[in-house]
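This one's a predicted model, so the numbers in the text were calculated from it and none came from an experiment.
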Amino acid sequence: MKILKLFPVLLFCSITMVQAQTDNGVFRMDEFRNAKKRPIIQIPGFDGYQTLKCDFHMHTVFSDGHVWPTVRVQEAWQEGLDVIAITDHVEYTPHSGDVKVDHNRAWELAKGVATQNNIVIIKGTEITRATPPGHFNAIFIGDASGYVEGRENEKDKEAVSKAVAQDAFIFWNHPGWKASQIEGSYEWIDFVNELHNEKVLNGIEVFNGFSFHKKALDWCIDNDLTVMGSSDIHNLVKHDYDLGDYIHRSMTLVFAKERTAESVREALEAGRTVAWSSKYIAGKEEHVRNLFFACVEMGSPFHSGDGKEYFELKNNSDLYFELELTSGEGTQKATLFPRSAQVISAADGQQSLEYKVLTAFVKSNKNLVVNIPLN
């Protein structure tokens, strides 16, 4: 009996001794740490292309952002992005009293960390002109130190020409961001038309952060420019975005041959993109349609009765689709949440159902319409 009473005491002493030997009096609570894992944003490719998740517009303390360049890489890795570009302003450096102005430094600090974390990083800058014409992003640039820093309108062409001389891919940023403040700022102005005619303007931001610049989508369609989506993030991404479920930062989906900077450049020049923000996608109809059918599949009927057939409609992606019936006799509305399925019914004998995709835009006033065959 005495031995039994002594056993708990000995056990406590041995546990205490082991603990003392292993933690030296420091008890570590690692369960509070973020798990070191990279989520996979599931978006299928099509026609032999893979879908790359890209953000080509973000800022650091080397212009008017609030974070160090390596943080932008860490955020991208933690959010499942494939490609990024840090595009600090050359004309606007409000932290210059605390951070030495060096327009190449953010790239130099970030590129090694990006390579180590399998993030493709593209060198870029933001050409920050007065509005109008507004701001332009130049990516795939060379030395960023020689750009024009004066913001007088008479230097607009010179500022953009520096990027042209470096064979940059140039896109017009958030053209409608001051639409309510500066009359005429949200227009296809002569300067932009000149850049387009000279074939040096390559794309326009349709999604910028939390804004959908609807006229920009029409300009892209009408002028065969690449549709872009970007976060334009200045703060921590998690500070600005309520990440989770189907919520990611705004971005460009690039349909590329390979996961390389060269393939990204080729895809951007070919216009193979769709902009993505929150529940919405926008782009040229060909690419939006191909993307939809890469993500969504209708199964064979699994049940019939009462003059109806029942099907399972699957969304195999992290995109979000709201459908509204426009032709045929069947389920009127369906919401396809990321990586989920819905039951769809149709009257016996029908060959297909036609739906408007309310969350997919192919013009400012036009949603994608899809015809879904019934097997």
Answer yes or no for [X] and [Y]: cation-pi contact, defined as NZ/CZ to six-membered ring centre under 6.0 Å and angle to ring axis within 45°.
| X | Y | result |
| --- | --- | --- |
| Arg129 | Phe136 | no |
| Arg249 | Tyr241 | no |
| Lys215 | Tyr186 | yes |

Rounding to 0.5 Å, atoms CD (Glu258) and OG (Ser263) come to a distance of 4.5 Å

Going by atom types alone, do [X] and [Y] pair a side-chain donor with an acceptor below 3.5 Å?
| X | Y | answer |
| --- | --- | --- |
| Asn316 | Gln42 | no |
| Asn173 | Glu126 | yes |
| Thr226 | Asn202 | no |
| Asn118 | Arg259 | yes |
| Thr335 | Glu322 | no |
| Ser340 | Asn315 | no |
| Asp190 | Asn193 | no |
| Asn208 | His213 | no |
| Asn235 | His66 | no |

Review point. Does Lys284 use its side chain to pair, donor to acceptor, with the backbone of Ile221 at less than 3.5 Å?
Key: no

Any idea how [X] and [Y] line up, ring-wise: parallel (<30°), tilted (30 to 60°), or perpendicular (>60°)?
| X | Y | value |
| --- | --- | --- |
| Phe292 | Phe321 | perpendicular |
| Tyr310 | His303 | tilted |
| Tyr320 | Phe337 | perpendicular |

Using ring centroids (six-membered ring only for Trp), state whether His196 and Trp219 fall under 6.0 Å. no

Quick one: closest heavy-atom pair of [X] and [Y], and the distance?
| X | Y | value |
| --- | --- | --- |
| Arg72 | Leu236 | NH1-CA, 4.3 Å |
| Thr131 | Ser185 | CG2-CB, 3.7 Å |
| Leu291 | Pro44 | CD1-O, 4.0 Å |
| Lys123 | Asp143 | NZ-CA, 4.2 Å |
| Val90 | Ala144 | CG1-O, 4.0 Å |

When Ile127, Asp232, Thr128, Thr87 are each screened for side-chain contact (heavy atoms from CB on, under 4.5 Å) with Asn137, the one that passes is Thr87

Do the non-hydrogen side-chain atoms of [X] and [Y] ever get within less than 4.5 Å of each other?
| X | Y | answer |
| --- | --- | --- |
| Val357 | Asn367 | no |
| Leu374 | Met298 | yes |
| Phe207 | Thr252 | no |
| Phe62 | His103 | no |
| Leu195 | Trp172 | no |
| Glu79 | Leu243 | yes |
| Thr125 | Asp88 | no |
| Phe56 | Leu268 | yes |

Should [X] and [Y] be counted in the same cluster of Ile, Leu, Val, Met, Phe, Trp and Tyr side chains packed under 4.5 Å apart?
| X | Y | result |
| --- | --- | --- |
| Met228 | Met251 | no |
| Tyr147 | Phe191 | yes |
| Trp107 | Ile170 | no |

When you look at NZ of Lys356, are more than 12 heavy atoms from neighbouring residues, nucleotides or ligands closer to it than 6.0 Å? no

Should the heavy atoms of other residues, nucleotides or ligands under 6.0 Å from CD of Gln351 be counted, would the total exceed 12? no

The single option from His89, His95, His135 that satisfies ring-ring contact (aromatic ring centres under 6.0 Å, His included) with His59 is His89

